[in-house]
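In listed order, ligands and their atoms are each counted from 1.
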Amino acid sequence: MQPHDRIPLDDFVEYDADEMVQRSSEHLAHLRRRHSIRSFSNRAVPQEVIENCLLAAGSAPSGANHQPWHFVAISSDEVKKQIREHAELQERGFYDEKRAGEEWLKALKPLGTDANKPYLEIAPWLIAVFSKKRGGMHDDGETTNYYVHESVGIATGFLLNALHTSGLATLTHTPKPMSFLSKVCGRGDNERPYMLIVAGYPAEGATIPLHATHKKSLEEISSFL
Ligand code: IYR
């Protein structure tokens with residue numbers, strides 16, 4: 001077998017129209033139960049769940065199938081502590097020294113976020129997502145990767161869906177700037193931190209901002225021609 005050989009598509013599953021409507025509506029209901037939470041329990045989550053979710057993320061389509069991503073899954077208390085310290089330092093500049101600017105801070109008001117990020121230490125898993133501008137399929141460090149941002153965005157979406165479907169709550173966290181993640185996670189300068197995902201069980205009595213539950217209608221987000 002050579003890389004340019006072709007093989008039959010033998011795992012596509014077809015459903016009849018009624019079943020498709022049913023499945024799409026069930027999936028919609030399932031995804032509508034995914035909420036970003038900021039209050040996590042410290043209950044442990046088996047590593048195997050995270051491994052499966054990372055493989056699900058890694059199954060995402062990408063430019064020329066170069067898979068320009070790397071995931072660092074962190075359960076070490078020591079590393080989580082370091083990440084919290086760095087993130088809170090950056091966030092204090094963002095919120096308290098108003099680096100964010102008035103308009104941004106106003107937009108965040110309904111979420112009730114601030115510079116304190118205790119969940120970065122409490123949640124059982126943090127997953128740092130990195131993007132790679134170069135490397136190709138074999139991570140040779142040279143080959144150009146294509147549509148890197150799009151590819152890593154899709155893989156991150158797959159990851160969030162996989163974590164949710166496995167039964168975990170998640171938060172997408174983007175400390176600004178997040179360059180500290182490269183150092184803490186021991187990644188080289190060929191990789192850029194893309195996002196930090198927090199995963200675990202919700203804390204007892206966890207709440208979500210009402211603001212976050214207002215999703216645009218089909219008419220607002222789409223048009224059919
Ligand atoms: N990174 C900050 C600020 C923040 C920014 C956006 I845009 C959000 O949707 C939520 C938070 C923080 O994590 O608090």
S.K.: Is NZ or CZ of Arg43 both nearer than 6.0 Å to the six-membered ring centre of Tyr201 and within 45° of the ring axis?
M.R.: yes
S.K.: Counting non-hydrogen protein atoms only, what is the nearest one to atom 3 (C) of ligand 1? Give residue, atom name and distance.
M.R.: Tyr95 OH, 3.3 Å
S.K.: Side chains of Tyr95 and Thr113 only: does a donor on one sit below 3.5 Å from an acceptor on the other?
M.R.: yes
S.K.: Do Arg38 and ligand 1 have an N or O pair less than 3.5 Å apart?
M.R.: no
S.K.: Going by the order shown, which atoms of ligand 1 are within less than 4.0 Å of some heavy atom of Phe94?
M.R.: 3 (C)
S.K.: Which class fits the ring pair His173 and Tyr119: parallel under 30°, tilted 30 to 60°, perpendicular over 60°?
M.R.: perpendicular
S.K.: Output the list of atoms in ligand 1 that are nearer than 4.0 Å to some heavy atom of Lys117, sorted by atom number.
M.R.: 12 (C), 13 (O), 14 (O)
S.K.: For atom 7 (I) of ligand 1, what's the nearest protein heavy-atom neighbour? Residue, atom name and distance, please.
M.R.: Trp104 NE1, 3.6 Å
S.K.: What residue and atom, counting heavy atoms only, is the protein's closest point to atom 4 (C) of ligand 1, and at what distance?
M.R.: Leu108 CD1, 3.7 Å
S.K.: Go through ligand 1 atom by atom and flag the ones less than 4.0 Å from a non-hydrogen atom of Thr174.
M.R.: 1 (N)
S.K.: Hey, what do you get for OG1 (Thr170) to CD1 (Ile37), rounding to the nearest 0.5 Å?
M.R.: 8.0 Å
S.K.: Can you tell me how the ring of Phe94 sits relative to the ring of Trp104, calling it parallel under 30°, perpendicular over 60° and tilted otherwise?
M.R.: perpendicular
S.K.: Looking at Tyr15, does the NZ or CZ of Arg23 lie under 6.0 angstrom from its six-membered ring centre and within 45 degrees of the ring axis?
M.R.: yes
S.K.: Where does His173 meet ligand 1, judged by heavy-atom distances below 4.0 Å: at the side chain, the backbone, both, or neither?
M.R.: side chain
